[in-house]
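To start, the structure under review is shown below, and the notes come after it.
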Amino acid sequence: MRGFFVVCAALLLLGSCGKAPGASSRRVFGATYMTMVNPFFVALDDGIREIVEARGDKLVSYDPGSDQLKQIDQVEDLVRMGVDAIFLNPVDYHLVKPALMAARRAGIPVINVDSPVYDLDLVDCLVASDNLRAGRLLAEDLTRRLGRARIAVIDHLQAKSAMDRMDGFRSTLPQGGQYIVVSRYAADGNIEQALTGMEIILRSFPRIDAVIATNDPMATGAIAALDSAGLVGKVLVYGVDGAPYAKKLIAEGRMTATAAQSPVGIGRAAAEVAYRILAGEQVDREVLVPVSLIDSSNVAAYGVEGWQ
Amino acid sequence: MPGEPRSWRRKALVSVVVGVTLLAALGFVASRSPDPTALRIGLFSGSAWGVPNPTSNRLYDGIIADFRAKHPEYTVSFRSGVRTQDYSERLAQDILNGEEPDLFFILPEDFTTLASIGALADLGPFLDRGRIDPGLFYPNALAAGRLGETQYALPFEVVPTLMFMNTSLLSRLGLKPPPPDWTWEDFLSLASKATVDTDRNGALDVFGAVGWSWLDAAYSNGELLFDASGSTATIDHDGVIDAVDFYLRLAELTSGTQVPDFESGRVLFSPFPYSSYRAYRYYPYSLQRFGDFEWRAVPPPRGQNGKNAVELRVLLVGMSRRSPRKAAAWEFLSHLTTDEEAAYRILAYSQGLPARQGLLFTERARSILAHHISGGEEPLDARMLDRVVSDSIVVPRFRKHAEALELASRAIVAERPQSSSSLRNFLSKVDRSVEAVLKE
């Protein structure tokens, strides 16, 4: 018993006054996102947390570090904890299925955030940006700036959101051979892999006109490689997210544009959906949050501090 | 006999019940008795140092895979994905529930608490068996895992403090960079020349320094502020008085003005942890933080009695006192902290430096640290880095350290006495009030 009190003192000293998840009457939510190295997911988590904590409830968030097996473990851990609902952004939109099945077996609602899973019938709601529109915005801007272009694509093949953005981009580009995708590299949404990928592309295609990355971390990785090769400012670089650092790069003239999302808005909307599901209300299967283009002409209005 | 079958059946039933009960009991015991080879460890996802680390899975998964290759008799499991900011709370909850891992990483601010409450095993008996040479570690890093005379944890990774210098601003102002063994007076002279109203509008627009605290001054003058046991404060020592005097002279340069962050490009010097250098001096993160000016890292300036170094932050690994798998835990702890390949993985996939000394001078380390460094720079000089780590201060470990330090800091930053004689009296007063807290 003495030892127990000593450990309680440890909890107090370590700044933890919370009860074990699931042990109290307040609701406990779980969340797991592709990788918390991407500040987009930190902002999305903040949006959910804001709503959850305002109601006196608790959010337990996990970071799989882009490892699908770890994410499945994390969902199983959340199921064992008996959380009330799970917010999930998949590492791999196909391979996440065992995690969805585990939540379904336990009767725990899943709110799919940002990037859709393949098995949408296993989630209760998808809350995401209008990703097709994000891709269209990039294509429209590129065609306004250049009459023809050799394009390198830095892509993410495990994320349906990224694939939708590319679909939107490709379907909007004029057909006829003026715009050619000369190379494509799958960088898993990761800034470091995008750096390596862009270096590889530049070795084979030293003369390109534009880079399309399906998120801002990958656009930044591409700019790092272009910077190293002395090509910053000579190649158009597009991303998706509207991250503060991307807006700074746009303001400095090192990045062309980003299709801006609102991760905080997605997070808040997802949390509201979760409470409605738990209250027994019917919710739409899909909630789409609008996107907008930020370039040098309007970046000052958006500001480079924080997300929109 | 009509009664015999019933009796037989009853006996059989009793036997079955007893047998099942015994089997269940045995099964229960078996399920409760710990598998001595199934090791559980506690770790977090991302960086211990508050910088982005997309490769932390490669660091820890790689080290575990190496260990399993050498010791296939063990399994290693952990709860994945706990963010660094949630880690202390989750560990505390596990301890409360009696479910803490056999071995766990310890963030610098948690060590004293965990050691004081008896959550950590004494590693002395394991070290005494001689399988680990304590001389492998930087001595100050090893000391960070000691409370009193007891070694409770071993160091995994260290982060010294460096001084970042805006070389674009230095050139613009026509100033020369300081030598590596620069002093406070060199620092004050450069900071003074860089605190200027360049556009002559009546307000300062570039600044000599931001973020240099009185603690940086004290540590770079060789002052620890407390004795090792935490029973006595030494805030009234001559070396601390000199340090606070220097801190106040530096602060006086920008008195009444809000100094912007180093990232603004308008400040010449600011102390930063090595982890920030490792994250933001290298592609791709070099693009995300400091923007459009040139900068580099130099050792911190030293006081008259000190060295060119300030505080060392240490990521430790300790063993649960209640672990039923101490032999396995010790094998893995040895591997984590002393294996050469693990140390190179830290260099490649983390933003700290290995606590194992000597590797910085190898060609392999140079090659790792030269990869993706931005602006075509050379990596930091290994001798300089090694010296800064060796000379850095590990603050005394005792329970009330944070509280005592906060009390002293609040008084010094708020009151800022003007004359040297009043400073001595003032610090004596601060020393007495801090000691009163230590004795409570």
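Treat the numbers as computed from the prediction; the structure is a model and nothing was measured. Every chain is numbered from 1, with letters handed out A, B, ... down the list of sequences.
A:Leu195 touches chain B through its side chain: at least one heavy atom from C-beta onward sits under 4.5 Å away, while N, CA, C and O do not. There is no contact between A:Thr35 and chain B, counting heavy-atom distances below 4.5 Å. Heavy-atom distances place the side chain of A:Asp45, and not its backbone, under 4.5 Å from chain B. With a threshold of 4.5 angstrom between heavy atoms, A:Asn38 does not approach chain B through any atom at all. Using a 4.5 Å cut-off between heavy atoms, B:Tyr60 makes no contact with chain A at all.
Identified by a heavy-atom distance below 4.5 Å to chain B, the contributing residues of residues 210-223 of chain A are A:Thr220, A:Gly221, A:Ile223, in residue-number order. Of all residues in residues 40-47 of chain B, those placing a non-hydrogen atom less than 4.5 angstrom from a non-hydrogen atom of chain A are B:Ser45.
There is no side-chain donor-acceptor pair under 3.5 Å between A:Tyr33 and A:Asp114. Inspection of the B:Asn57 and B:Thr55 side chains reveals no N or O donor paired with an N or O acceptor under 3.5 Å. Between A:His156 and A:Gln193, the side chains place no donor N or O within less than 3.5 Å of an acceptor N or O (distance only, hydrogens not considered). A donor-acceptor contact closer than 3.5 angstrom is absent between the side chains of B:Arg313 and B:Ser275.
Shown here are the salt bridge (charged side-chain N to carboxylate O under 4.0 Å, His left out) partners of B:Asp94, two or more places apart in sequence or in another chain: B:Arg79. B:Asp102 is linked by a side-chain hydrogen bond (donor to acceptor under 3.5 Å, both in side chains) to B:Ser323, B:Arg325, counting only residues two or more places apart in sequence or in another chain.
For B:Phe262 and B:Phe293, the ring centers are positioned less than 6.0 Å apart.
Side-chain contact between A:Phe41 and A:Pro263 is absent, with no heavy-atom pair separated by less than 4.5 Å.
Although no hydrogens or angles enter the test, the distance criterion places no donor-acceptor pair under 3.5 Å between the side chain of A:Lys247 and the main chain of A:Thr258.
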*asked:* Before you tell me yes or no, could you show the steps for B:Glu294 and B:Thr167 under side-chain hydrogen bond (donor to acceptor under 3.5 Å, both in side chains), namely the whole-Å CA-CA distance, both residues' side-chain angles and the distance that decides it to 0.1 Å?
replied: CA-CA 5 Å; B:Glu294 297 297 320; B:Thr167 48; 5.3 Å; no

*Please assess A:Asp73 against A:Lys70 for the test salt bridge (charged side-chain N to carboxylate O under 4.0 Å, His left out), listing each intermediate value before the final yes or no.*
CA-CA 5 Å; A:Asp73 280 349; A:Lys70 284 188 166 61; over 6 Å; no

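Ring geometry for B:Phe272 against B:Phe164 counts as parallel: the plane angle stays under 30°, on a 0 to 90° scale with 60° as the upper cut.
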